Amino acid sequence: MKRNFLFCLISGVVALATPLGSTAASDSACYRGINLAGAEFGNLEGVYGEGYIYPSLETITYFAGKGFNTVRLPFLWERLQPKLNSEFDPAELDRLRETVATIGSFNQTVILDPHNYARYFGKLIGTEEVPVSAFVDFWRRLAEEFAGDKHVVFGLMNEPFDISSTDWRDASNAAIAQIRKSGADNLILVPGTSWSGAHSWFGDWYGGANAEVLLDIKDPANNYAFEIHQYFDDDFSGTLNNCSRASDAVDSIRRVGEWLRKTGQRGFLGEFGVPGTPECTAVLTDVVKLLDQDKSSWIGWTYWAAGDWWPETEELNIQPTKNGDRPQLKGLAPVLNDFVGATEGCPALERR
């Protein structure tokens with residue numbers, strides 16, 4: 001959970017950090033990434049460039065230059081497919097394609113993230129209004145667009161909630177089966193219900209714990225990982241601008257790591273973020289080092305968040321300002337700048 005609203009355009013120009021076409025990191029490295037928000041902003045009547053935006057070349061260039069090798073790219077299902085079981089909107093699809101191509105030109109991985117909380121126009125997947133077959137149709141079309149693109153990972157859905165773990169498992173399995181039937185062998189990231197939180201992974205929130213029910217995920221290509229999110233504030237939502245429960249949150253991530261090892265699964269920390277205070281940025285270092293110590297189970301992480309329209313007052317935002325880098329980058333730097341570690345490979349990514 002975290003803020004996800006339309007914000008005003010950040011003032012100031014972001015300086016280019018590296019020339020187009022440079023590489024952010026080794027192809028074999030674990031994912032060390034950033035969520036570049038904007039395409040999921042605003043209401044659905046919003047006009048492109050006024051109500052929502054895809055990341056600019058300047059922003060993409062900046063984060064590639066800082067050593068991020070992955071971008072998680074949030075967008076809205078409804079904008080891409082305005083009517084269920086119908087063709088994608090051509091203009092929106094072109095924007096998505098162009099952004100993916102630009103990010104890929106930096107040798108970065110792109111995680112496609114339908115940022116919909118298991119909903120379409122507010123209706124839950126699996127209801128009469130949004131049957132599972134419509135979710136499957138969406139992923140059939142998206143998989144056919146990006147099948148085999150080495151730079152593209154499929155994130156099934158952002159933070160499902162108020163859907164039972166068994167219903168979500170079944171919807172995920174149906175989408176995965178169709179993705180593979182479409183000929184796409186891309187890595188798939190499978191979230192859990194209850195916002196996919198590490199702190200809630202073992203709890204019986206919605207008819208069974210993710211840690212139990214999702215062991216029945218079936219992928220014919222055996223190329224998937226579980227996407228976990230975790231924030232560090234009072235209620236683990238990422239909205240309260242503190243890191244008061246950092247110890248509990250880090251313990252939850254550690255416990256998920258133990259579960260991954262025990263069950264032979266793979267994990268990915270798709271969202272985590274903190275305000276830029278010294279005590280909070282130190283938490284970032286603890287988290288990324290923890291994941292880096294177990295590259296056989298964790299395939300990497302993407303920090304939440306950055307993007308051209310985040311305001312300077314947004315506490316978790318690491319979009320650079322006219323004064324330069326945000327303090328959170330110091331917390332991530334021990335892993336981002338570990339070029340030796342990046343060249344050692346990522347065993348969890350290499351196994352299927």
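Quick caveat, the model's predicted, so the values are computed rather than measured.
- In terms of modelled atom types and a separation under 3.5 Å, the side chain of E227 and the main chain of V190 share no donor-acceptor contact.
- A donor-acceptor contact closer than 3.5 angstrom is absent between the side chains of R351 and N222.
- With a 4.5 Å cut-off on side-chain heavy atoms, L284 and V288 do not count as touching.
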Hey, mind stepping through T193 and N210 against side chain to side chain contact (heavy atoms under 4.5 Å, CB included) and telling me if it holds?
-> CA-CA 7 Å; T193 189; N210 289 322; 3.5 Å; yes

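- Using a 4.5 Å cut-off between side-chain heavy atoms of Ile, Leu, Val, Met, Phe, Trp and Tyr, with links allowed through other members, W168 and V213 fall into different hydrophobic clusters.
- Closest non-hydrogen pair, S56 versus D308, comes out as OG-OD2, 2.6 Å.
- Contact check on E258 versus R254 returns no salt bridge, with no Lys/Arg side-chain nitrogen under 4.0 Å from an Asp/Glu carboxylate oxygen.
- You'll find the side chain of P74 reaches within 4.5 Å of the side chain of W304, heavy atoms only.
- Considering only heavy atoms from C-beta on, E159 stays 4.5 Å or farther from N116 through its side chain.
- With contacts defined as side-chain heavy-atom distances shorter than 4.5 Å, the pair V256/W298 qualifies.
- Residue pairs satisfying the salt bridge (charged side-chain N to carboxylate O under 4.0 Å, His left out) criterion with at least one member in residues 111-134, sequence neighbours excluded, are listed as follows: R72-D113, R119-D162.
- The aromatic rings of F135 and W77 lie tilted to each other, with the angle between the two planes from 30° to 60°.
- Here I60 contributes atom CD1 and T99 contributes atom OG1; the two are 6.0 Å apart, rounded to the nearest 0.5 Å.
- Side-chain N or O atoms of R245 include none that pairs as donor or acceptor with a backbone N or O of F236 at under 3.5 Å.
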Can I get a per-line list of side-chain donor-acceptor pairs under 3.5 Å for residues 84-93, giving both atom names and the distance, sequence neighbours left out?
unit_1	atom_1	unit_2	atom_2	d
S86	OG	L84	O	3.3
E87	OE2	R141	NH1	3.2
D89	OD2	A91	N	3.3
D89	OD2	E92	N	2.8
E92	OE1	Y52	OH	2.5
E92	OE1	R95	NH1	2.7
E92	OE2	Y54	OH	2.9

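- A salt bridge links D325 with K66: the closest approach of a Lys/Arg side-chain nitrogen to an acidic carboxylate oxygen falls below 4.0 angstrom.
- Using a 30° and 60° split on the angle between ring planes, F268 and Y31 fall in the perpendicular class, above 60°.
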Mind running side chain to side chain donor-acceptor pair (under 3.5 Å) on Y62 and Q319 for me, showing each step along the way?
-> CA-CA 9 Å; Y62 169 83; Q319 184 78 7; over 6 Å; no

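- Residue-environment remark: CH2 (W205) stays at or below the threshold of 12 foreign heavy atoms within 6.0 Å.
- Closest of all the heavy-atom pairs between V274 and F232 is CG1-CD1, 3.5 Å.
- With hydrogens and angles disregarded, no donor-acceptor distance shorter than 3.5 Å links the side chain of N35 to the backbone of A37.
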Starting from the C-alpha separation in whole Å, work towards a yes-or-no answer on side chain to side chain contact (heavy atoms under 4.5 Å, CB included) for H199 and I253.
-> CA-CA 8 Å; H199 67 278; I253 296 170; over 6 Å; no

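- Contact record, A211 with F202: CB-CD2, 3.4 Å, taken as the closest heavy-atom pair.
- Between F272 and W301, the ring-plane angle classifies as perpendicular under the 30° and 60° cut-offs.
- Nearest heavy-atom pair across A246 and V283 is CB-CG2, 3.6 Å.
- Put simply, CZ on R266 and CZ on R352 are 8.0 Å apart, with the number rounded to the nearest 0.5 Å.
- The line from CG of L336 to CG of L329 is 7.0 Å long, rounded to the nearest 0.5 Å.
- A donor and an acceptor atom, one from each side chain of N242 and D234, are located under 3.5 Å apart.
- Contact of the P55 side chain with the F63 side chain is not registered, since no non-hydrogen atoms from C-beta on lie closer than 4.5 Å.
- The main-chain N or O of Q328 is never found under 3.5 Å from a side-chain atom of T281 such that the two would form a donor-acceptor pair.
- One distance of note links CD of E78 with CD of E40; it measures 12.0 Å at 0.5 Å rounding.
- For D251 (side chain) and R255 (main-chain N/O), no donor-acceptor pair under 3.5 Å exists by modelled atom type.
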Stepwise side chain to side chain contact (heavy atoms under 4.5 Å, CB included) test for V132 and D170 | CA-CA 9 Å; V132 170; D170 294 346; over 6 Å; no

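- Using a 4.5 Å heavy-atom threshold, the side chains of L316 and Y231 count as touching.
- With contacts defined as side-chain heavy-atom distances shorter than 4.5 Å, the pair H115/F75 does not qualify.
- Put simply, CD1 on I103 and OG on S105 are 9.0 Å apart, with the number rounded to the nearest 0.5 Å.
- Under a 3.5 Å cut-off, the side chain of S165 and the backbone N or O of G207 do form a donor-acceptor pair.
- A salt bridge (charged side-chain N to carboxylate O under 4.0 Å, His left out) check over residues 207-218, counting only residues at least two apart or in different chains, returns the pairs R169-D216.
- Of the possible donor and acceptor atoms, none in the side chain of S200 sits under 3.5 Å from a partner among the backbone N and O of G203.
- Partners of S182 under the side chain to side chain donor-acceptor pair (under 3.5 Å) rule, at least two apart in sequence or in another chain, are Q178.
- Distance check, rounded to the nearest 0.5 Å: CG of L349 to CD1 of I299 gives 5.0 Å.
- In this structure a side-chain-to-backbone donor-acceptor pair under 3.5 Å is present from N69 to R32.
- Within the structure, the salt bridge (charged side-chain N to carboxylate O under 4.0 Å, His left out) test picks out the following pairs touching residues 180-189 (sequence neighbours left out): R180-D219.
- Not a single side chain to side chain donor-acceptor pair (under 3.5 Å) links Y303 to another residue, sequence neighbours left out.
- For the pair K289 and D292, the salt-bridge criterion is not met [side-chain N within less than 4.0 Å of a carboxylate O].
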Does the side chain to side chain contact (heavy atoms under 4.5 Å, CB included) test come out yes or no for L269 and T302, once each step is laid out?
-> CA-CA 6 Å; L269 190 63; T302 44; over 6 Å; no

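- Across every non-hydrogen atom of C30 and K295, the tightest pair is SG-CG, 3.9 Å.
- At least one donor-acceptor pair under 3.5 Å links the side chain of Q108 to the backbone N or O of F68.
- A side-chain donor-acceptor contact under 3.5 Å links D204 to the backbone of G208.
- Closest heavy-atom contact between I125 and A171: CG2-CB, 4.3 Å.
- Residues I188 and I179 are in side-chain contact: their nearest non-hydrogen atoms beyond the backbone lie under 4.5 Å apart.
- Side-chain N/O atoms of D137 and Q81 include a donor and acceptor closer than 3.5 Å.
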